[in-house]
Amino acid sequence: MNDTVAIPALTPQDFTSDQEVRWCPGCGDYAIIKAVRKALAEIGTDTKDVVFVSGIGCAARFPYYMDTYGFHTIHGRAPAIATGVKLANPELDVWVVSGDGDGLSIGGNHTLHALRRNVDLNILLFNNEIYGLTKGQYSPTSREGTRSPSTPLGSVDHPLSATRFALGAGARFVARAVDTDQKRLPDILKAAHAHKGTSFLEIFQNCIVYNDGAFDAFAERKNAPETQIFLEHGKPLIFGKERDRGLRLAPGTFSLEVVPLGEGGVDESELLVHDQTNRPLAGILAEMEPPDFPMALGVLFCSPEESYEAAVYAQIEDAKAISKADGIDALLRTGHTWTVEAR
Amino acid sequence: MENDRAMAEAALTLDEVPREELESAVIRFAGDSGDGMQLTGGRFTETTALAGNDLTTFPDFPAEIRAPIGTTYGVSAFQINFGSRNVMTSGDLPDVLVCMNPAALKVNLSELREGGLIIVDTGTFTDKNLQKAGYEANPLDDGSLDRYRIMAIDISKLTLEAVKDCDVSKKEGLRAKNLWTLGLIYWMYDRDVAATVEWLGTKFKKLPNIAAANIACLKAGHAFGETAELPDGALVYEIKPATFRPGLYRTVTGTEALAWGLVAGSQLAGLKLVFSSYPITPASSVLHVLSRLKAYDVVTFQAEDEIAAAGAAIGASYAGALGVTSSSGPGVALKTEALGLAITAELPLILINSQRAGPSTGMPTKTEQSDLYLAVYGRNADAPLVVLAARSSAEAFDVAIEAVRLATRYMTPVVVLSDTFIANAAEPWRLPDVGTLEPFPVAFHTDAEGFQPYRRDAETLARRWVKPGTPGLEHRIGGLEKDYTTGNVSYDPENHQRMTDVRHEKIARIAGDIPEQEVDQGPAQGPLAVVGWGSTYGPISRAVERSRESGISVSHIHLRYLNPLPRNLGDLLAGFDKVLVPEMNMGQLTTVLRSRYLVPAESVPKVTGKPFKIAEIMDAIRAHSET
Ligand SMILES: Cc1ncc(C[n+]2csc(CCOP(=O)(O)OP(=O)(O)O)c2C)c(N)n1
Ligand code: SF4
Ligand SMILES: [Mg+2]
């Protein structure tokens, strides 16, 4: 006789720790944590199996507020530490939370290598285009000319695109979202979670104190329909409040152009169809930005391959299967040995 | 006289040769990086071990993989000291110097003892090679080597003759001249070629012609001695087996012993071993050894840099495995921030530091002990951890196990100090029976009742280790200061004092869990103690022994535990009028002992990239005994 015990469904509250949240009121991080709790509750992963690993920064305080396992580590190194967690126990559901300074400046190398190795981690990069925790210096994603305490006359170096960096590093899942988009963000988080291997999600996060409105051009609700395009695999690239505009390759080129749809415009069949397994397409979609183009959000690229730790353990299992390994004492006795007899 | 004897004996067959019995001998094989000197030395080591001698080796090679042929900076050498008595160092001054080219002679001659034997391959003493080595005249002709005995043989030519029936090119054939030379040395010291023949057969299994050429040369070199077309100055020797404790033996390098000790230690703790490292000389070899042990459940990870390597090891420990990382020189410097995290997160972590000569890149293939400050003090803020040092290659096995025991029992990083010398040097090792060692299984915390992540064991002060995945114990840790009771983030001033105190006290208490310091030899109190740590054990031990034989009252104390120091060390040192500390650095342990115990310790520093000679330490002992 089988008694089925109903496992109570999880709620966002189950993922909320007893710690007081210390982000500035109005910080985009609040919206993100809300979406993450919602996504995890919907996924239904047991809190005991979830580990949040972070570096240092405002974003990196995230694990303290989640009632899961959490490790707030050192600046930039979370991907490396999370790789170690996954190598020790591949069963764990490991998330990395990082900022633009943490993940792309001091920790750029670790982000790069986690992505290229394809360790089964979900990397959430909170991009506020500023160093929040250290009080507002410009960051590697800050736009040229950004005035900050360390660049009073405006920054002169060129910014990095997190998403294009991830694509270039060989990431097999790359997505983009806006912090306040509570409708889509949980779904994108769930897609990132479902992907085995490294999932990279850039979240545009408003720092209300040091870089307020940095993403208004496309993130503001009233502008959103005209300045965002939400990507869906297999669907034509259409945007606009009236869904009256689309993207296609300008004839004879490998450049995108925005074209009007319908009467007086082009036919839907002429539009590009999103193929999330096409890395070059993801690359040109990631390049777009307002005012000339809409900002591409959603899953830009998803093409799974065996994850790093799975390959590592497969090798170990193979080695065990063919090895004559017979305990450490036998190991010490391999090769030439000799016996000294008692006299 | 000697020459005459050699000539007379030359016609005799092997069995008839009257061999001079020696207690020990030191041979230094030297040649170009491409001449296979390390291989030659390795084979001689194996054969000598199988012949029952005690031995210590010293591979001494350049940082350049293939320096230009014939140059002095491309010279690679391998020294072995072997004997019928207990051998503790690689030997002060070689008795025999094998020179495969003029540059090898140029670089190594100053090491040879007066009257020592030089074996040279005259085939390489061409004008061009002499010039490359910086000789104006051929030293074989100009009388500059009169203080030595010389066996000048055209080894190149004899090698080509030996391989003429083998299916190899001239170039391939010439590459076997190291084995020709090895054959000759085997004959001189009455060694059996069989083990090397077998090894060559296995090594070149896929290249039977190369195997055949090498074996032909080995035998030809041996036969050359036997049939005694021997030039002047050769002597044949016998070195009887040493007396060892009964048991099963093998030769082992420090690298192997450390790697195997980590595997044994993690098994005794009942943990999976996750080893992560980034290549650097001489630490890489530990990664190489462990990477081949996948069948023993060892996970190895070549990280993108040393910081990531330390980070991944910490992540592994966080997840309930034993995280171990290793590096050398500048790579260790890169790990310091991560060590601080492991200290405050109170997670087990082992860092193997194979010290090399520095600062910065320094001399990557040369030995030094100059990271003691770095290990004991080298982190931001008050960040104590455990520091251990291995005294010899074989002992590194026990030290690795002890590192695992302390790291897991006290939830702390442990730095194990090895060095280039220990990493590469081989010595006979009486094999332990790991199955009979006392296990120290880790008990992960699983009880949710009243759980706080930083609640401590009353005795060890260690916090509890919880594996993520354990139901009901979800918690957060990190680098921010934690509340003593709840483990939550706290910036409370008194709490920080208390947490700093307890982190300090936790490490200090380990002194109660390690053995009291013993005196290795000599009286337990007296006029002079020589205190050492790490790989200086061999030369200090011998120097103290010989000094005592000459009537000087001196004791040897050798430390394995450098932090915390053994609980009786202060009292022990107070019993000596003088304390002398030979170290391959500018006086780091000296500073530690002075600051800790206010003892008038004096430093005997050496930073040439080479181990101490026994004579150097004896001189220091004598100097301090006279005043
Ligand atoms: C090794 C090290 N260097 C510098 C810092 C100081 N620091 C802390 S957070 C930070 C930048 C944070 O920026 P970002 O990653 O974008 O996170 P945000 O605060 O914007 O969320 C810096 C430079 C540090 N903690 N550690
Ligand atoms: S400084 Fe900016 S990023 Fe940091 S908590 Fe405040 S609003 Fe958020
Ligand atoms: Mg930022």
Quiz item: When you measure from the side chain of His113(A) to the backbone N and O of Leu115(A), does any donor-acceptor pair fall under 3.5 Å?
Solution: no
Practice problem: Would you tell me whether Lys335(B) and Thr325(B) have side-chain atoms, one donor and one acceptor, within less than 3.5 Å of each other? | Solution: yes
Quiz item: Is the backbone N or O of Gly435(B) less than 3.5 Å from a side-chain atom of Asp329(A), with the two atoms forming a donor-acceptor pair by type?
Solution: yes
Quiz prompt | Any donor-acceptor pair under 3.5 Å from Arg85(B) side chain to Asp54(B) backbone | solution = no
Quiz item: Lys240(B): what forms a side chain to side chain donor-acceptor pair (under 3.5 Å) with it, not counting sequence neighbours?
Solution: Glu21(B)
Practice problem: Side chain from CB out, backbone as N, CA, C, O: work out which of these in Arg61(A) comes under 4.5 Å of a heavy atom of chain B, or both, or neither. | Solution: side chain
Self-check item: Side chain, backbone, both or neither of Ile477(B) within contact of chain A (heavy atoms, under 4.5 Å)
Solution: both
Self-check item: Residue among Thr337(A), Val94(A), Leu331(A) with most heavy-atom pairs under 4.5 Å to chain B
Solution: Leu331(A)
Practice problem: I would like to know whether Trp95(A) and His193(A) meet ring-ring contact (aromatic ring centres under 6.0 Å, His included); could you show each step before the answer? | Solution: CA-CA 9 Å; Trp95(A) 299 71; His193(A) 178 266; 5.8 Å; yes
Self-check item: Under 4.5 Å from a heavy atom of chain A, the part of Ala257(B) involved
Solution: neither
Quiz prompt | Segment of Val299(B) engaging chain A (4.5 angstrom heavy-atom cut-off) | solution = both
Quiz item: For Phe52(A), is it the side chain, the backbone, both or neither that has a heavy atom under 4.5 Å from a heavy atom of chain B?
Solution: neither
Practice problem: Please confirm whether the backbone N or O of Leu473(B) pairs with a side-chain atom of Thr470(B), one donor and one acceptor, at under 3.5 Å? | Solution: no
Quiz prompt | Which portion of Val252(B) sits near chain A, non-hydrogen atoms under 4.5 angstrom | solution = neither
Practice problem: Against chain A, label Leu268(B) side chain, backbone, both or neither, depending on which of its atoms sit under 4.5 Å from a heavy atom there. | Solution: neither
Quiz item: Between Val489(B), Leu293(B), Asp433(B), which has the largest tally of heavy atom pairs under 4.5 Å with chain A?
Solution: Asp433(B)
Practice problem: May I ask you to check if Arg463(B) and Tyr454(B) form a cation-pi contact, with NZ or CZ under 6.0 angstrom from the six-membered ring centre and within 45° of the axis? | Solution: yes
Quiz prompt | Option that, when pairs with chain B are counted at under 4.5 Å, heavy atom only, ranks first among Ala321(A), Gly327(A), Ser54(A) | solution = Gly327(A)
Self-check item: Side chain / backbone / both / neither for Leu92(A) at chain B, heavy atoms under 4.5 Å
Solution: side chain
Quiz item: Taking atom types as modelled, is there a side-chain donor on Asn118(A) or Glu305(A) under 3.5 Å from an acceptor on the other?
Solution: no
Self-check item: Thr446(B) and Lys467(B) side chains, donor-acceptor separation under 3.5 Å
Solution: no
Exercise. Please look at Thr334(A) and chain B and tell me whether the side chain, the backbone, both or neither of the residue comes under 4.5 angstrom of a heavy atom of that chain.
Key: both
Exercise. With a 4.5 Å cut-off on heavy-atom pairs, point out which of Pro432(B), Ser317(B), Ala345(B) contacts chain A the most.
Key: Pro432(B)
Quiz item: Taking the six-membered ring where the residue is Trp, are the ring centres of Trp429(B) and Tyr249(B) under 6.0 Å apart?
Solution: no
Quiz item: Are any side-chain N or O atoms of Gln137(A) and backbone N or O atoms of Thr134(A), one a donor and one an acceptor, separated by less than 3.5 Å?
Solution: yes
List the atom pairs, donor and acceptor, that lie under 3.5 Å between side-chain atoms in residues 304-316 of chain B and the rest of the protein, sequence neighbours left out.
from      : atom 1 : to        : atom 2 : distance (Å)
Glu304(B) : OE1    : Arg117(A) : NH1    : 2.9
Glu304(B) : OE1    : Arg117(A) : NH2    : 2.9
Glu304(B) : OE2    : His110(A) : ND1    : 3.0
Asp305(B) : OD1    : Ile307(B) : N      : 3.0
Asp305(B) : OD1    : Ala308(B) : N      : 2.7
Asp305(B) : OD2    : Asn109(A) : ND2    : 3.3

Quiz item: Just checking, is any N or O donor in the side chain of Asp102(A) or Ser98(A) under 3.5 Å from an acceptor N or O on the other one?
Solution: yes
Self-check item: Per-residue contact mode, Glu256(B) against chain A (heavy atom under 4.5 angstrom)
Solution: neither
Quiz item: Can any side-chain N or O of Gln267(B) pair as donor or acceptor with the backbone N or O of Ala264(B) at less than 3.5 Å?
Solution: no
Quiz item: Cut-off 3.5 Å, side chains only: do Thr47(A) and Glu474(B) have a donor facing an acceptor?
Solution: yes
Quiz item: Which residues in residues 42-53 of chain B have any heavy atom lying under 4.5 Å from a heavy atom of chain A?
Solution: Glu46(B), Ala49(B), Leu50(B)
Quiz item: In terms of heavy-atom pairs under 4.5 Å, which option from Thr83(A), Leu87(A), Leu332(A), Asn89(A) contacts chain B the most?
Solution: Leu332(A)
Quiz item: Measuring heavy-atom distances to chain A, does Leu271(B) have an atom under 4.5 Å in its side chain, in its backbone, in both, or in neither?
Solution: neither
Quiz item: With only heavy atoms counted, which part of Arg245(B) is less than 4.5 Å from chain A, the side chain, the backbone, both or neither?
Solution: backbone
Quiz prompt | Sorted by number, residues from residues 66-76 of chain A in contact with chain B (heavy atoms, under 4.5 Å) | solution = Met66(A), Asp67(A), Thr68(A), Tyr69(A), Gly70(A), Phe71(A), His72(A), Thr73(A), Ile74(A), His75(A)
Quiz item: When you measure from the side chain of Ser199(A) to the backbone N and O of Asn122(A), does any donor-acceptor pair fall under 3.5 Å?
Solution: no
Quiz item: Under the 3.5 angstrom rule, does the side chain of Arg22(A) hit a backbone N or O of Cys58(A) as a donor-acceptor pair?
Solution: no
